[in-house]
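Taking it in order: structure first as structure tokens, then the write-up.
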Amino acid sequence: MSDPAGKPMDPASFLIQVQFRQNATWQGSIQWLDKKKTQRFRSTLELIQLMDSALDSRGPDEKAVAAWNDSDAGTVPAQKQEEKE
């Protein structure tokens with residue numbers, strides 16, 4: 001697979017946990033396994049934006065609703081997620 005510029009893209013692995021299905025969309029968490037980051041999403045659109053920003057070679061889009069960030073807001077620590085299971 002390649003990006004629009006023709007450069008090969010690195011594959012990425014995600015673990016998606018859908019916790020609720022309300023208002024005709026999904027809510028849950030996504031874990032980016034390669035970078036060991038976890039982020040909550042409130043809609044399928046946010047889920048797709050998170051996956052797109054992870055694969056985007058230009059870096060995260062500042063205008064996107066959802067983004068991978070290092071702050072605690074919206075993140076789910078891996079330990080707490082495992083405890084729920």
Side-chain angles (χ1 to χ4, degrees):
M1 180 176 255
S2 62
D3 68 1
K7 299 176 188 173
M9 292 173 42
D10 293 330
S13 299
F14 301 100
L15 177 64
I16 299 169
Q17 185 176 32
V18 177
Q19 296 169 334
F20 304 102
R21 194 186 80 191
Q22 296 176 341
N23 302 324
T25 192
W26 295 341
Q27 295 90 37
S29 61
I30 178 172
Q31 185 176 9
W32 186 3
L33 299 176
D34 304 330
K35 300 287 182 176
K36 297 182 182 174
K37 292 184 177 184
T38 303
Q39 184 76 30
R40 291 186 190 269
F41 60 90
R42 296 170 291 184
S43 68
T44 309
L45 178 60
E46 281 187 0
L47 170 65
I48 293 169
Q49 287 178 335
L50 287 165
M51 293 172 71
D52 184 53
S53 69
L55 297 173
D56 193 357
S57 61
R58 297 170 299 189
D61 185 4
E62 304 259 337
K63 297 177 185 176
V65 174
W68 296 98
N69 55 20
D70 293 328
S71 69
D72 290 336
T75 60
V76 179
Q79 291 175 338
K80 288 184 181 179
Q81 187 176 22
E82 290 173 3
E83 291 172 4
K84 290 180 183 179
E85 295 175 357

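Sequential numbering from 1 along the given sequence is applied to the chain's residues.
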Pairing residues for S43 by the side-chain hydrogen bond (donor to acceptor under 3.5 Å, both in side chains) criterion, not counting sequence neighbours: none
Shortest non-hydrogen contact from Q19 toward R40: OE1-NH1, 4.0 Å
Heavy-atom pair of closest approach, residues A12 and D34: CA-OD2, 3.1 Å
Minimum heavy-atom distance S29-T38, with the two atoms named: CB-CG2, 4.4 Å
Residue pair L47 / W26: nearest heavy atoms and the distance that separates them: CD2-CE3, 4.0 Å
Heavy-atom pair with the smallest gap, counting every atom of T25 and R42: CG2-O, 4.1 Å
Note, L50 side chain near W32 side chain (heavy atom, < 4.5 Å): no
Spacing of CD belonging to Q27 relative to CZ belonging to R21, to within rounding of 0.5 Å: 10.5 Å
I48: side-chain contact (heavy atoms from CB on, under 4.5 Å) partners, not counting sequence neighbours: T44
